[in-house]
Structure formats: C-alpha cells, structure tokens
Undergrad: 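Below are the structure tokens for one structure; questions will follow.
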Amino acid sequence: MEMSKELTLHINGQTYEFTIGRKLGQIPESETLLETLRERLGLTGTKLSCGEGACGCCAVLMDGKAVASCVTLTAECGGKEITTIEGLADPVTGELDPIQEAFLEHNAFQCGFCTPGIIIAVKSLLNANPHPTEDEIKEALSGNFCRCISHYQVIEAVQSIVKGGEQA
Amino acid sequence: MKNFEHSNAASFEQAAQELQAAKYSQPIAGGTDLLGTLKTNILPNYPSLVVNLKTIPDAAYIRDMGDKVAMGALTTLADVEKSDVFTGELKAVAEAAHSVATPIIRNSATVGGNLCQDVRCWYYRYPDAVGGKLLCARKGGDECYAIQGRNQYHSIMGGMHTGHNACSTECPAGTDIPAYMEKIRANDWDGAAEIILRVNPMPMLTARVCPHTCQTKCNQCQHGDSVSIHSVERALGDYILAHADKFYPAPAQETGKKVSIVGGGPAGLTAAYYLRKAGHSVTIYEKMEEAGGVMMYGIPEYRLPKHYVRDLVKAIVGMGVVIKNNTEVGKDITLEEIKSASDTVFLDTGAWKQPILGIDGESLTQFGLNFLVEVKKFMTKQIGKEVLVCGGGNVAMDVALTAVRLGAQKVKLVCLEQRDEMPASAEEIARAEEEGVEIFNGWGLKKVITGADGKITGLESMNCLSVRDESGRFNPSYGEETRVFSSDCIILATGQKVDIDFLGEKYREELKSARGLIEVGEHRDTRAPGIYAGGDAAYGPSVAIKAIRDGGIAARSMSRYMGFEPEVPARDKGFTKFDPERIYVTKGAVEKDTPVAERCLDKEDSTSLTMEEARAEAGRCMNCGCYSVNASDMATVMVALDAEIHTTEQTFKAADFFSVMHSVDQLKPGELVTEIQLPKMPGYRTGYLKMRLREAIDFAVTALAYAYKEEDGVIVDARLVAGGIAPVPVRLTAAEQVLIGKKKSAELAQEAFAAAMKDAQPMKENAYKLQEVKAQIVRSLEL
Ligand SMILES: Cc1cc2nc3c(=O)[nH]c(=O)nc-3n(C[C@H](O)[C@H](O)[C@H](O)COP(=O)(O)OP(=O)(O)OC[C@H]3O[C@@H](n4cnc5c(N)ncnc54)[C@H](O)[C@@H]3O)c2cc1C
Ligand code: SF4
Ligand code: SF4
Ligand code: FES
Ligand code: FES
C-alpha cells in the first residue's frame, strides 16, 4: 500500500489539500474529522465530549446532514462538503445564520458547550424539512445532550424561525 | 486511536480481497460502532487495515423488486426510516431503523453495519485504558462478569457458550461439564449421563482417580470454592453404573467389521466401548487375569474399590465385547496374527516397566508398581518396619499410604523435587502426611546401604539442587551434601517405562518413536495402516483421562478407516441456564471421609454424595458462557420478517445469520454483507416496539418485532421476535402458537406471554424485563 494519498477537503467553503500518512503535517489514517477540525484547522467551535457518537456536541454538516465528527475518519471525507459552526455565518458580510440569531435572541444556551452541535442539528433538520412540527424538532434534536437544560429555549428559538419563515 | 492502514474500496470484491490479504482487518461502513471499539481498543486483535465500504458505487439503495424489497448494505438508517417502501406492511423496518441511536448517528450508520455490530455489554465495552483489560468469556477470557455482577440489562433467557469454556478446556477429554451440570440441576440424570458418556465411558472411575485439574480453572474459584466437579461426576458415575443395562446397550446393528484391542486399560476399554457401540465386533487381549489396567492393579482399593472396575468391565462385556484374559500379545499370540484377523487394531499396553536407575544395591529394592499390584501378597507377608518410598508423584503417594495401611511402623518418602514442584496432587500429599508419612524434599538416590547380612539398612542420598535444566528438561543436578535415611525396605516409585517388545521385531521398528514409545499422529494412527495406539504406550506415563481421550479419538478414526462415519451428537439447542440463587453459595460440597484411625486397605475412604447433594452442588455451576443481549434493532426485525442476508459468498436466512452471538463470526475472512432482501407481506400488520430508558440513544432493554395477519378480528398468522432478552433475537414460537386461530383479547395476550416466557430465567437484577415483554405483546396486539 502506498504511504501517501492525496486528500482534498472542502470545509466551510474553503479547499484544503492534505496527504494521508504518518509524517509530520500529514493526516494519519486514524485521525477523526473532529481532530482535524480542532487541532489542525483551529476550528474549535466543534466540541469533543463523549467521543463515541452519543452526545451530539461534535456534530458538523456533511453534504448538508448532521454527522458526529468524533466517529468519522477524516480520510473518508474527501469530496464531501463539510460545514462547521464557524461556516454558518455569511463569509462576506459576517452576518450570522438566522438560527444563530434566533438562539441569541432566545438565550437558547447557558454554558454554550452543546450549542454548536445543536445549531448544526437544527440546520440539518431545516435543510430537509423547512417547516418541522414541534415533535419533529424534538425528534431531530434527540441526539444532542445539554447539561444545562437549555432545551426549552432551544425549541422556542427553532420554532421562532420556522414561524418566521412561514410569515415571510 | 491507534493507527492502521486505510483504503477506499471500489467494489465489494476488491474490499473482500484486501481484507482477506491482511492479517487483522476490519471493514468500515458508517464507522459509528467500529470507531468506538477501536478508540477503546477492546477488540482482541487491533486491525492493521481498515477498508472503507462507503466508496463502493451502488451499494446504498432500496429497491422494490415486486414480491420483495432489496436493500443495499450501505444504505443509511436515515434513508431506511424515511423510505416510502417501508410505510405499509413493512413498516416494522422503518420503525426499527428509526429506533436506532439518534438522528445524527443514523445519518452515517448503515444497515449492514447495524447487522454486523458487536455486543454492547458494559463489561465487554469497558475501556482498556481504565484499570486494565477486562477479558470476559466473550473476549477470550474465562468468566462472564454479568453472572454475578450488575446484570440489569443482560439476558433473561440464559446465555450461550463461547466455545472455550474454562473447565471443559482444561479437561483432556473436553467433558462438557456445564452441560451435564445443567441436566442434573433439572434432575435429568439420564440426560446428564448421555452427555458425559459422549467422551468418557467410565466416569465412576475417573471421578475417583482423576486429579481433576478442571476444578483449578473453575470460575467459582473467583468467589469461593471451585464447583466440586469430581463429586458431582462421581454421583453421576455411580448412577450410570447402577443403571448399566441402560447405558451400555448392545448395538442395534452389526457392521461386520472386526476390531482387536491389545490391552484392556482405560484407553482400550474406552475404544472398545465406542467401537462396539458403533456396531463393530471387538476383542480385547489382556495379559492380566482381569481387565482394567492401572485402574485394576495400580490404584489402591481404598481410592478405587475394584468392584467398580469389575462392574464396568462386566457392562462393556455385556455390550458384546470379548475379553481374552491371561493372553499376552508377543508371547501367547503375535501382533501379526491379530492384525491379519482384524480390520483395525488398537494398542493400549500402558507403561509398566521398571526403569533402571543404576545405583548400587538397586536389585534389593522393590518396584513401586509391582508393590501395588502385589499388595495382596504383602498383606500375608510382613512389610518392613521402616519403609522408605522414593518418588514424588501420585504412584509414590499410593505406595506410601499403602505401606502405612499394611502396618509399617514408619514410612518416609524422599523425592528430588521441592514441595511445590512435586508432581503428586496437593490433596494426595496432604493425605499422606495426615496419615504420618514423613516427606523429605530435595534428595536424590546415591546408593543402597546394606548390613553384614546383606539386608538393607538404609539409603544414602545426595542433595538435589535442581530437577530440570534451563530448557525445562528433566536433568537433575546434585550438590556435595549426603544424607543417610535408615530403612529396611526401599520401594522405588520413580517412574514407569513403556515396553514395546511385545510388538515383535517388524512392528517395533515400524512403530517406534524417538523416545521409545509408539509413535502416533493426531488421529492416534501409527505408521502401520489400520493400527492405532494411545494412552501411556504412546505418550508415556500420564493420567487415566488422557488415555480415555485417546481411546475415544482412536475409536472415531478407526470407524472412519473401516468406512463408518462416527455419529456427531446434535448440539443442544436453547440457552444455557443457571440457578440464580445457588451460584452465590461459596462453599463446595465435600465427600464424607473416613477418620484416619479407621482407614484401611480394602474399603473406600470417601463416600459419594447422594443424588440430592450432587444436585445441590451442580446448582453452584454458573454454566459459564456469555449472558449478553443482541444489540441490533434491525436484526430483530430481519428475523421477524424472514429476511435474507446476502453476502459476497452466500445467502443466509436471517434466523440462521442471527443464531450465533456475533453473526460475522459465521463469515469467511473478507466476506461482506452486500444486500438484505425482505419478502413483501401483503395483508400483514407489522411493527417494532422498543423499550429503553431514554427516548433516543439507548439500546433496547426489550424489543418486539411483530407481524400479524388478522381476519375478522381473528389472528390467522403471527410472527413475534423479541430483542434485548437473550444473546440473539428470539422467535417467540410458543406465543405465536397460542395466538394463531384465536380472537385477540387481553387474556389471550397474557396466555401468549406466559407461553413465550416459560423458559425464562432472569438473573438477579433483570426480572423486570418480563413485565416489559408482556407490555409489548399486549401493545403489539393493539388491544
Ligand atoms: C450512541 C450510539 C447509540 C446506538 N444505539 C443503537 C441502538 O439503539 N440500536 C442499534 O441497533 N444500534 C445502536 N447503535 C449501534 C449503531 O446502530 C451501529 O453502530 C450502526 O448501525 C452501525 O452501522 P455503521 O455503518 O456505523 O457500522 P460500522 O461501525 O461501520 O461497522 C460495524 C461493524 O460491522 C462491520 N461491517 C460493517 N459493514 C459491514 C458489511 N457490509 N459486511 C460485513 N461487516 C460489516 C464492521 O467491520 C464493524 O465491525 C448505537 C451506536 C452509538 C454510537
Ligand atoms: S455478558 Fe458476554 S460480553 Fe458481557 S461480560 Fe458476560 S461474556 Fe462478556
Ligand atoms: S462454574 Fe461451572 S461452567 Fe463455570 S468453570 Fe466452574 S464448573 Fe465450569
Ligand atoms: S463527542 Fe461526538 S457525539 Fe459526543
Ligand atoms: S448549554 Fe451547557 S451543555 Fe447545553
């Protein structure tokens, strides 16, 4: 097996060229997407908590769907469109995503550790279903754990944009 | 996570090839299960290569094929739960997919990965980094921690054997100890007898003489005394002998093949039993007056009363085995003659010859084995006053104790080995000391000292520095120190040798091994076609149970050689059970022993347990295996809907694929699941119910996949499969039978539940699961 393989990552609209391998600067085969984001690219908005797919803190969008970056191998992300919490704001104007605005408005967080993952999960939901019911919202967020009980505000925040969408 | 090589597969074939070529490899689909096991490093072998299946084109799809639905292995569970195909009669599939983990996981997790996932037992998944590796039975270790540990999420239906049971693996014959213990707990002594007789036709003898090293490996040693396996075996052996007519029947059919056996010791009698059972005509040539070998002549009466041996021999003769006593092969008849009159021959001539040590005065000593054989003569003759026994094995212990009981005033024992190196079992040593034998460790024989009249007065010995050399071979080295042990009777029990002169010149050259024994292969075949051998003659002096193992192996090989495939007993179906209360008893049963003062030469020292006592002791056996539950929600549904699992090599019925704890163990190296096919079920109402602690994330505490066909409120067909209650999904056939043909009602649901859980055996903390199963049956009926 050859020791270096090209790996092109598309993250938050940017293209990164890496090689896979064990040398300094290369991405080892066993590196998780979460490690690449946080430790290699400094995108620390994505959090590590359980490390085994159970809490949702590390969620990122892969081709528009939320996945757990802690149980995703970076080596398998070539050609995928990855979006992290840092990539939600408009890259030109810096304007936040409506979901982020709604979370601020509704104080839908306390410590905020789980919030990036929750916002990514909401984004994933709205991509597939722009007008979810309350049950659908709860179901879509059932893989995101929050220690501070921000859930009530989170649901209000999400409902506010869904309604807003309807009004517009 | 430790590193590995990684490749992206372009096809299942390529993936299979790469996986097969690497020593340890793993396919990866969504990775949601695999990466967890790699991060915690709990797999027995960490993969050197991980092959990504997600890059295989056209492996994720759901296709309507008319009368069935096909689903690619790489289809994500998110796509399964949303598919229109699974809205109607196959709704159970979508419901099960939806119940898995969380929406985030389901976006990556695949159907194939879900079906192939590893067990979720918390002991199994315990990370190695915290407090070291937890090697449970499922992971190649011995003990299932769930049996006596926290087990609220474990099986309520019993466990499954992991294939390398601690006690059975230690037994040379591989006796299925937990299986016969289970039968005895159920008071099914005939069933227990059938199991033990598969590998050992003389448990009434082995229970009394075997060093039973199985007990040293018993997992109850972690909690208290080992299960007293030999005591239970003894009660079972006595039962078998008491009903000999039932257990040693003449064969129903004769094959017309002729077998001759040279030597009626444990190996020979065992071979005779199995060969005769298979319908061959069997003749044993025995040089002594009676068959039984060491069991008859070597082992003292007080350990093994001869009537047991005689009764066993009688039972075997009753099967139609012919024993020619007082017939010494090599003298009275030649092996050539025997061979030419037989289709196959088995040699079990043991190790009876005295080894020559070459010390001064050796001819004045007695040979230990002869002493034991001729003990009756000694009983009328006067034994020496001060007996000195030389040797550290069980024969030496038998000799020393026999001398004590013959009335010697003082019995001393010298051996080369230090106390902890002595080959004799600890119990035998303790017994000898209890009866006053004085043991001197670390002394080798130098010369026999005689008085003016030529009679023995003692032994000069030299101190032994080490018994074995660096390579572990027997090669004693001695120091300068000497010591004289006074004695008027020296008995040498320093080993026995194999004598193969009886083979005659031609066969001796042909069959001889480098060590002067009979050379045998794995099937106990010798270099001469049709001639087999086993026991001490092939392996040197050892224990009876090894000879019994050889007799069994040889019998199977000989039958095969003569054109008869030996019967393989059908594996017991169903789950292994244990007694949830008695396993906590830490004290093992002890056979009643005669007080030292009353012990003698011609009565057995100890008394067998009663059948009730043995049954209680069998209750301490934990029936070691794995008591986990199946993790996969999809697996349960696949069994209920009678799906087919297609792989790169073959097609499995779901019920077969999920009949073993970890289905992938049934796959060949590199073999991959490619597609799942589900027959459509027009007219059925299906669904999947899952009880768990938290709405998302958690695995099933109990689950029920159901498919009903109803006509006018009457159930005309039902398929019910429960998950989370046993190591594999369980089809509730008994409940189905109750339901079919009846109008549904709450009483019927109760009746179905009672039938389904008739064989349930909850552990300490999980009886609550029964209520969940009941609730799910009720809910499935939409009452
Ligand atoms: C937090 C969490 C909660 C979970 N809860 C549930 C639950 O409630 N119910 C449930 O059923 N599961 C549950 N799981 C397990 C999860 O469903 C499985 O991990 C997932 O479906 C596996 O799919 P995967 O594609 O990610 O498998 P992978 O992790 O990629 O593979 C799993 C195993 O299967 C092998 N494998 C994968 N594909 C194939 C193939 N085509 N042929 C042969 N072998 C293959 C892999 O080598 C590996 O050993 C949970 C997992 C997590 C992390
Ligand atoms: S239930 Fe199975 S996996 Fe769990 S500790 Fe017991 S043997 Fe191991
Ligand atoms: S508890 Fe039973 S199955 Fe387990 S090791 Fe002991 S005798 Fe064998
Ligand atoms: S850190 Fe990835 S799911 Fe918890
Ligand atoms: S806001 Fe603190 S964990 Fe959710």
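Protein chains get the first letters and strands the later ones, always in sequence-line order, with residue 1 at the start of each.
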Undergrad: Heavy-atom pairs under 4.5 Å with chain A - which of T102(B), V50(B), L35(B) has more of them than the others?
TA: L35(B)
Undergrad: Is there a donor-acceptor pair under 3.5 Å between the side chain of K54(B) and the backbone N or O of E76(A)?
TA: no
Undergrad: For the candidates T32(A), V71(A), T72(A), L141(A), which exhibits the highest count of non-hydrogen atom pairs separated by less than 4.5 Å from chain B?
TA: V71(A)
Undergrad: Are there over 12 heavy-atom neighbours, none belonging to R692(B), within less than 6.0 Å of that residue's CZ?
TA: yes
Undergrad: Let me know if A140(A) has heavy atoms under 4.5 Å from chain B in its side chain, its backbone, both or neither.
TA: backbone
Undergrad: R694(B) and F145(A): which non-hydrogen atoms are nearest, and at how many Å?
TA: NH1-CE2, 3.1 Å
Undergrad: Tell me whether the count of non-hydrogen atoms from other residues, nucleotides or ligands lying under 6.0 Å of CG in L693(B) goes above 12.
TA: yes
Undergrad: Working to the nearest 0.5 Å, report the span between CG of N52(B) and CD of E29(A).
TA: 12.5 Å
Undergrad: Sort out for me which of D33(B), I697(B), I104(B), T32(B) touches chain A most, counting heavy-atom pairs under 4.5 Å.
TA: I104(B)
Undergrad: Is a side-chain donor or acceptor of N3(B) paired with a backbone partner of S30(A) at a separation under 3.5 angstrom?
TA: yes
Undergrad: So S108(B) and M62(A), do their side chains get closer than 4.5 Å, heavy atoms only?
TA: no
Undergrad: Run the numbers on L73(A) and H6(B) for side chain to side chain contact (heavy atoms under 4.5 Å, CB included), then give the verdict.
TA: CA-CA 10 Å; L73(A) 293 177; H6(B) 181 274; 4.0 Å; yes
Undergrad: Where do S142(A) and A696(B) come nearest, in terms of heavy atoms and distance?
TA: O-CB, 3.3 Å
Undergrad: Just checking Q152(B): does its CD atom have more than 12 heavy atoms from other residues, nucleotides or ligands closer to it than 6.0 angstrom?
TA: yes
Undergrad: Which atoms of E139(A) come close to chain B, meaning under 4.5 Å heavy atom to heavy atom: side chain ones, backbone ones, both, or neither?
TA: both
Undergrad: Between chain A and each of N8(B), L34(B), L38(B), I28(B), count heavy-atom pairs under 4.5 Å; write down the option with the most.
TA: I28(B)
Undergrad: Any chance you could measure E52(A), atom CD, to T40(B), atom OG1, to the nearest 0.5 Å?
TA: 7.5 Å
Undergrad: Which answer fits K82(B), side chain, backbone, both or neither, if we ask what part of it has an atom under 4.5 Å from a heavy atom of chain A?
TA: neither
